Amino acid sequence: MKVLIRVDASTEIGTGHVMRCLALAQVLQDEGGEAIFVLATHAPNLESRLKSEGMKVVHLDVEMGSIEDASETSALAHSCGCQWVVADGYHFLGECQRIIKDAGLSLLFIDDYGHAEHYYADFVLNQNVYAHEGFYQNREPYTKLLLGTKYALLRREFWQWQGWEREIPPVGRKILVTLGGADPDNVTIKVIQAFQEVTVEELEVVVVVGGSNPHYEKLLAAVEKSGVSIELRRNVTNMPELMAWADEAVAAGGSTNWELAFMGLPSLGIIVAQNQVEIIETLANQEIITSLGWHYHTNKESITKAIQATLESFQLRTKMSKKAKELVDGLGSIKVVKQLEF
């Protein structure tokens with residue numbers, strides 16, 4: 001089975017769309033298939049990651065989401081011998097889907113909030129906790145919906161952690177900070193500064209930043225000035241190990257939440273983009289995470305207070321961990337690929 005994956009990444013777009021598509025590609029690869037990633041943007045670090053996983057990367061010189069984009073994507077799929085196209089991005093609207101379908105191709109469209117005016121795809125996948133059929137009233141009769149966290153796309157490195165049980169210490173001391181692959185507003189530096197006033201003894205912090213983050217030098221300087229034991233890591237490939245090591249996380253509201261949930265890691269969620277609002281609010285309402293709200297409304301003092309309260313409460317961390325693990329079983333990528341194979 002050969003699949004063309006049309007997806008983009010940049011400082012503005014972030015890296016989440018590519019990383020969740022990578023999870024699908026890994027399942028295809030394990031089953032003897034092949035995935036070809038097609039990008040209209042350049043993200044060198046991310047492309048290196050894809051190539052290191054044995055994925056082919058092709059570039060299109062087109063305006064993202066344009067009619068030309070859809071037409072060239074369709075032509076490329078045919079020339080590469082791909083029957084299936086996977087499209088993931090908010091710039092892909094109904095017309096793009098229609099062009100790909102009219103070219104005689106099968107289409108999986110990965111969506112987050114029903115942004116297209118009409119859906120022509122064979123499958124629409126929305127892996128979010130708030131996903132519901134109401135987003136997709138305007139769809140073709142043949143369009144099937146794959147909705148909810150049972151379809152959460154977790155990459156290969158998480159699969160070996162199936163069945164792992166987290167030990168909850170009486171007081172948490174280890175914190176993982178991960179605010180997306182890009183973090184253009186540099187919310188990470190505010191979180192680093194918030195640790196200055198946390199009074200838990202023997203505190204250890206690992207801050208993960210993506211290759212698309214433009215603020216690395218500033219973050220390095222902030223870490224060096226800090227009186228806390230903070231380690232800054234870039235382009236990490238062992239996220240499950242870090243999530244297993246940590247007692248608590250501070251994370252943005254993207255796809256990382258499904259990884260954190262699978263690992264049962266109690267989390268504080270901070271909104272850094274509009275498309276994260278519903279994820280953070282829904283998870284907070286279900287008492288799976290603690291919401292820190294929008295990053296520009298959140299000050300260092302409130303972040304410090306929330307971090308401290310969670311680290312000191314065994315009961316809260318235990319409840320959050322249990323509820324999180326019930327949300328994601330880690331088999332979503334496999335379930336989605338099985339749908340494509342029929």
Side-chain angles (χ1 to χ4, degrees), residues 2-26 28-29 34-127 153 155 180-184 210-214 235 254-255 273-275 340:
K2 229 174 172 184
V3 175
L4 185 146
I5 298 176
R6 178 67 190 88
V7 65
D8 295 298
S10 69
T11 301
E12 295 74 31
I13 297 168
T15 60
H17 297 281
V18 170
M19 295 307 279
R20 65 187 182 186
C21 286
L22 175 58
L24 281 181
Q26 289 171 331
L28 286 165
Q29 197 178 56
E34 183 183 353
I36 300 168
F37 282 79
V38 180
L39 288 78
T41 54
H42 287 272
N45 288 302
L46 204 52
E47 290 171 35
S48 296
R49 168 77 189 270
L50 294 174
K51 289 172 182 174
S52 74
E53 299 253 0
M55 309 295 171
K56 187 176 178 184
V57 179
V58 177
H59 287 97
L60 287 182
D61 185 15
V62 294
E63 180 188 341
M64 293 184 299
S66 63
I67 298 224
E68 183 189 17
D69 187 344
S71 299
E72 291 206 19
T73 295
S74 301
L76 187 59
H78 282 301
S79 68
C80 293
C82 298
Q83 177 54 40
W84 275 97
V85 172
V86 175
D88 186 348
Y90 304 145
H91 41 272
F92 299 125
L93 301 176
E95 185 65 6
C96 288
Q97 297 177 45
R98 187 188 62 75
I99 290 168
I100 292 168
K101 283 300 299 170
D102 284 352
L105 296 161
S106 301
L107 176 63
L108 166 66
F109 191 75
I110 302 180
D111 190 82
D112 284 315
Y113 57 92
H115 70 273
E117 71 286 353
H118 194 91
Y119 290 83
Y120 294 91
D122 296 275
F123 290 97
V124 176
L125 165 63
N126 185 332
Q127 65 174 352
L153 302 175
R155 298 182 305 281
D183 188 20
S212 299
N213 190 308
N235 293 324
S255 298
Q274 183 62 42
N275 64 337
L340 307 191

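No experiment lies behind these values; they were computed from the predicted model shown.
Sorted by first and then second residue, the salt bridge (charged side-chain N to carboxylate O under 4.0 Å, His left out) pairs with a member in residues 117-126 read K101-D122; sequence neighbours excluded. Counting only residues at least two apart or in different chains, salt bridge (charged side-chain N to carboxylate O under 4.0 Å, His left out) contacts with residues 73-88 comprise R20-D88. Screening residues 78-87 for salt bridge (charged side-chain N to carboxylate O under 4.0 Å, His left out) gives no qualifying pairs among residues at least two apart or on separate chains.
With sequence neighbours left out, the salt bridge (charged side-chain N to carboxylate O under 4.0 Å, His left out) criterion links D69 to R6. Looking at residues two or more places apart in sequence or on another chain, you find no side chain to side chain donor-acceptor pair (under 3.5 Å) involving T15. Taking P184 as the reference, T11, A182 meet the side-chain contact (heavy atoms from CB on, under 4.5 Å) condition, with sequence neighbours excluded. Checked against ring-ring contact (aromatic ring centres under 6.0 Å, His included), H59 has the following partners two or more places apart in sequence or in another chain: H42. By the ring-ring contact (aromatic ring centres under 6.0 Å, His included) test, H78 pairs with no residue at all, sequence neighbours left out. Scored by the side chain to side chain donor-acceptor pair (under 3.5 Å) test, Q26 finds E53 as partners (sequence neighbours excluded). In terms of the side chain to side chain donor-acceptor pair (under 3.5 Å) criterion, residue partners of Y90 (sequence neighbours excluded) are, by chain and number, D112, N275. For S10, the side chain to side chain donor-acceptor pair (under 3.5 Å) partners two or more places apart in sequence, or in a different chain, are E12. Not counting sequence neighbours, the partners of Y119 by the ring-ring contact (aromatic ring centres under 6.0 Å, His included) test are F109, Y136.
L46 has its side chain out of reach of L39: every pair of non-hydrogen atoms, C-beta onward, lies at least 4.5 Å apart.
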